[in-house]
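Worksheet: the structure to be examined is printed underneath.
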Amino acid sequence: MIDLKGKVAVVFGLANKRSIAWGIAQKLSEAGATLAICYQNERLQRDADELAAELPGARTFRCDVSSDADIDQVFGELKSAYGKLDILVHSIGFAPNIKNSVLNTTRDDFRIAHDISAYSLIALARAAAPLMTDGGSILTLTYYGSLKVFPNYNIMGVAKAALEAAVRYLAADLGAQKIRVNAISAGPIKTLAARGISDFTTILTAVEQRAPLHRNVDQLEVGNTALFLSSDLASGITGETTYVDCGYNITGL
């Protein structure tokens with residue numbers, strides 16, 4: 001049994017009960033961690049507040065990760081509320097006009113996709129590091145589309161590749177502070193973000209047919225892996241991408 005009592009975890013990217021971030025938040029809370037839930041804007045506040053109410057002692061904070069001022073403000077609030085941080089979960093990804101092919105991606109759409117999906121991890125890690133006085137764990141969520149071409153994933157695949165590279169470099173930058181940085185590559189899950197991917201059910205069906213376990217994963221399975229990576233059981237793991245996709249990534253045909 002993993003015990004996170006006395007640990008403070010902040011989770012970015014919780015949109016609703018289907019979010020991978022929600023599965024992670026539940027598992028961290030069950031292990032005894034104190035949860036801070038960050039939502040993007042007022043439109044998402046109600047869902048965040050309702051879900052946080054299900055976790056003992058959890059609080060919600062607003063933060064738009066595209067704004068340095070918002071990031072500075074929320075980490076000031078987190079410092080005042082908790083004094084320190086132990087775990088940061090970055091479950092954020094967005095690409096405008098994702099239906100456009102990579103070839104037809106505009107310069108501005110490329111910039112936004114990388115700003116929200118990749119640079120935000122760097123910005124959050126930089127803000128969190130001074131609060132991780134006893135070391136810590138930083139986790140992000142990625143997808144196999146960073147390595148292989150998936151229909152309609154388009155520029156998000158390029159942004160996820162940048163995100164995974166950022167994980168490795170951040171792990172090197174923060175290792176001396178005993179801060180570990182890792183990624184979880186989750187299989188396809190019907191999240192709010194997944195709705196923007198055309199014909200997403202085709203990907204779900206392919207995984208079910210070809211993955212060794214012949215099914216898709218759910219949020220709580222990803223949450224279990226996040227719990228492990230956030231704990232002392234993973235004290236020697238950093239800079240890695242761990243696949244939680246029922247084995248789909250190992251298959252050829």
Side-chain angles (χ1 to χ4, degrees), residues 2 4 7 9-15 17-31 33 35 37-38 65 85-94 116-118 120-122 124-125 128 136-148 150 153 156-157 159-171 174 179-194 197 203-204 207 211-213 215-251:
I2 294 174
L4 295 182
K7 302 291 187 182
V10 57
V11 177
F12 288 82
L14 195 156
K17 65 181 180 180
R18 292 181 177 272
S19 299
I20 293 175
W22 174 233
I24 294 173
Q26 287 176 280
K27 290 298 179 179
L28 295 178
S29 179
E30 287 173 9
L35 267 292
I37 304 295
C38 292
V65 297
L85 288 177
D86 302 285
I87 299 161
L88 184 147
V89 177
H90 171 276
S91 183
I92 298 169
F94 174 73
I116 303 300
S117 306
S120 62
L121 174 66
I122 298 171
L124 294 180
S137 169
I138 296 174
L139 294 175
T140 189
L141 276 295
T142 186
Y143 180 60
Y144 193 37
S146 64
L147 298 178
K148 304 293 183 181
F150 278 78
Y153 201 55
M156 184 58 81
K160 289 296 189 183
L163 176 69
E164 291 176 19
V167 165
R168 294 187 287 272
Y169 279 91
L170 287 171
L174 293 170
I179 298 172
R180 298 178 295 108
V181 186
N182 290 289
I184 297 174
S185 185
I189 296 174
K190 290 181 180 179
T191 62
L192 183 63
I197 302 171
I203 298 177
L204 290 170
V207 171
L213 295 181
R215 64 176 178 83
N216 284 285
V217 297
D218 63 32
Q219 291 95 324
L220 293 178
E221 289 179 302
V222 180
N224 282 331
T225 303
L227 174 58
F228 162 69
L229 289 171
S230 298
S231 76
D232 289 340
L233 292 177
S235 60
I237 301 174
T238 193
E240 297 290 344
T241 297
T242 300
Y243 287 87
V244 185
D245 64 355
C246 295
Y248 180 80
N249 74 93
I250 72 169
T251 64

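Keep in mind the model is a prediction, meaning the values are calculated, not measured. For the numbers below, each heavy atom of this structure counts, side chains included, while hydrogens, waters and symmetry mates do not. The residues of the chain are indexed from 1 along the displayed sequence.
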About how many Å separate [atom2] of [Y] and [atom1] of [X], when rounded to the nearest 0.5 Å?
X: Asp245; Y: Leu213; atom1: CG; atom2: CG; result: 9.0 Å
X: Leu139; Y: Phe228; atom1: CG; atom2: CZ; result: 11.0 Å
X: Leu220; Y: Ile20; atom1: CG; atom2: CD1; result: 11.5 Å
X: Ile87; Y: Ile138; atom1: CD1; atom2: CD1; result: 11.0 Å
X: Arg180; Y: Asp232; atom1: CZ; atom2: CG; result: 7.5 Å

Determine the minimum heavy-atom distance between [X] and [Y], stating which atoms define it.
X: Ile116; Y: His90; value: O-NE2, 4.2 Å
X: Leu141; Y: Ala186; value: CD1-CB, 4.4 Å
X: Ala171; Y: Thr238; value: CB-OG1, 3.4 Å
X: Leu28; Y: Ala9; value: CD1-CB, 3.9 Å
X: Ser137; Y: Ser230; value: OG-CA, 3.6 Å
X: Ala118; Y: Ala159; value: CB-O, 4.0 Å

Checking Val89, Leu121, Thr140, Leu88 against Phe12 for side-chain contact (heavy atoms from CB on, under 4.5 Å), the one that qualifies is Leu88
Lys27 and its side-chain contact (heavy atoms from CB on, under 4.5 Å) partner, picked from Asn224, Ile2, Leu4: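 It is Asn224, the one option of Asn224, Ile2, Leu4 that forms the side-chain contact (heavy atoms from CB on, under 4.5 Å) with Lys27.
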The criterion is salt bridge (charged side-chain N to carboxylate O under 4.0 Å, His left out); which residues satisfy it with [X], sequence neighbours excluded?
X: Asp86; answer: Lys84
X: Lys160; answer: none
X: Glu240; answer: none
X: Arg215; answer: Glu221

Is there side-chain contact between [X] and [Y], with at least one heavy-atom pair below 4.5 Å?
X: Pro212; Y: Thr251; answer: yes
X: Thr242; Y: Ile237; answer: no
X: Ser185; Y: Asn249; answer: no
X: Asn182; Y: Thr241; answer: no
X: Ile203; Y: Tyr153; answer: no
X: Val11; Y: Ser91; answer: no

Side chain to side chain contact (heavy atoms under 4.5 Å, CB included) between Ile189 and Val222, intermediate numbers included: CA-CA 10 Å; Ile189 296 174; Val222 180; 4.1 Å; yes
Can you list everything that forms a ring-ring contact (aromatic ring centres under 6.0 Å, His included) with Phe150? Sequence neighbours excluded, please. Tyr143, Tyr144
Ser19 side-chain N/O to Ala15 backbone N/O, donor-acceptor pair under 3.5 Å: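 Flag set: sc Ser19 to bb Ala15 pair under 3.5 Å.
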Side-chain donor-acceptor pairs under 3.5 Å in residues 161-170, sequence neighbours left out?
{"unit_1": "Glu164", "atom_1": "OE1", "unit_2": "Ser146", "atom_2": "OG", "d": "3.2"}
{"unit_1": "Glu164", "atom_1": "OE2", "unit_2": "Thr142", "atom_2": "OG1", "d": "2.6"}
{"unit_1": "Glu164", "atom_1": "OE2", "unit_2": "Ser146", "atom_2": "OG", "d": "2.6"}

